[in-house]
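Remember, it's a predicted structure, so these values are computed and weren't measured experimentally.
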Amino acid sequence: GAVVSQHPSRVICKSGTSVKIECRSLDFQATTMFWYRQFPKQSLMLMATSNEGSKATYEQGVEKDKFLINHASLTLSTLTVTSAHPEDSSFYICSAKDTYNSPLHFGNGTRLTVT
Amino acid sequence: GQQLNQSPQSMFIQEGEDVSMNCTSSSIFNTWLWYKQEPGEGPVLLIALYKAGELTSNGRLTAQFGITRKDSFLNISASIPSDVGIYFCAGLGMNYGGSQGNLIFGKGTKLSVKP
């Protein structure tokens, strides 16, 4: 089945630094990938839709200059949290689908802790 | 906007018991998905439902797409300790727009199984 790989699984960084999270579709091409954020004991919140070769579409309230998304190829999307602050600490999850009508498959998530 | 009401929020059951959880909405959905999430990991797809009335099984799991397209349930039979986790329903709304960015998640059902 479709596999989505996310890296790193955990990252701790200092306030003010930037962190890059990668999302790869391992056995299929994904023209569209999605980035979610999940707070403890809560559901997933869509942050942005990553489109290969074009600009990402951000959900209302998500700062595009803070959460930079790049979808440079059909198998890779990256989310960069710029100038991270402790309130950015969260669980970030990417997802992708392998065909138009297939359901989303999720990566294993990245636990970001900003100290 | 579209919202999903998932219930119950949490369940504490004895090993071997059957489990039932459901999601309802005032809006119509084209697709219902059920995911399981374990701590520190991304959601894993359990069952996908594409047609009203559809009943689909995956091992001990059974899910149905409600006839009205506004609800879905997930049953787990003969629960075992490894069933513990958070189960999310997700619906794909009518405003599809060629993407699944508007996949709407329920708030999850936390399942605890006592051996």
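A:R10 CZ: 12 or fewer foreign heavy atoms inside a 6.0 Å radius.
Both B:I76 and B:I13 sit in one connected hydrophobic cluster of ILVMFWY residues. Membership requires side-chain heavy atoms under 4.5 Å apart, directly or through other members. Criterion: ILVMFWY side-chain heavy atoms under 4.5 Å apart, direct or through other members. Under it, A:Y36 and A:Y58 are not part of a common hydrophobic cluster. Linking Ile, Leu, Val, Met, Phe, Trp and Tyr residues whenever their side-chain heavy atoms come within less than 4.5 Å leaves A:L79 and A:L76 in two separate clusters. Linking ILVMFWY side-chain heavy atoms closer than 4.5 Å, directly or via other members, places A:M33 and B:L45 in two distinct hydrophobic clusters. A:M45 and A:W35 fall into different hydrophobic clusters, where Ile, Leu, Val, Met, Phe, Trp and Tyr residues are linked whenever their side-chain heavy atoms come under 4.5 Å apart, directly or through other members.
Note: B:Q37 leads B:Q37, B:Q6, B:K107 in heavy-atom pairs under 4.5 Å with chain A. Residue with the most contacts toward chain B among A:L44, A:T110, A:V4, A:N51: A:L44 (heavy-atom pairs, distance under 4.5 Å). Top candidate by heavy-atom pairs under 4.5 Å with chain A, chosen from B:G40, B:A48, B:P43, is B:P43.
For chain B, the nearby part of A:I93 is the side chain; its heavy atoms alone come within less than 4.5 Å. Contacts of A:Q6 with chain B are absent, with no heavy-atom separation under 4.5 Å from either backbone or side chain.
Atoms CD and CZ, on A:Q38 and B:F105 in that order, are 9.0 Å from each other to the nearest 0.5 Å.
Looking at every heavy atom in both residues, A:S43 comes nearest to B:G106 through OG-O, 2.7 Å.
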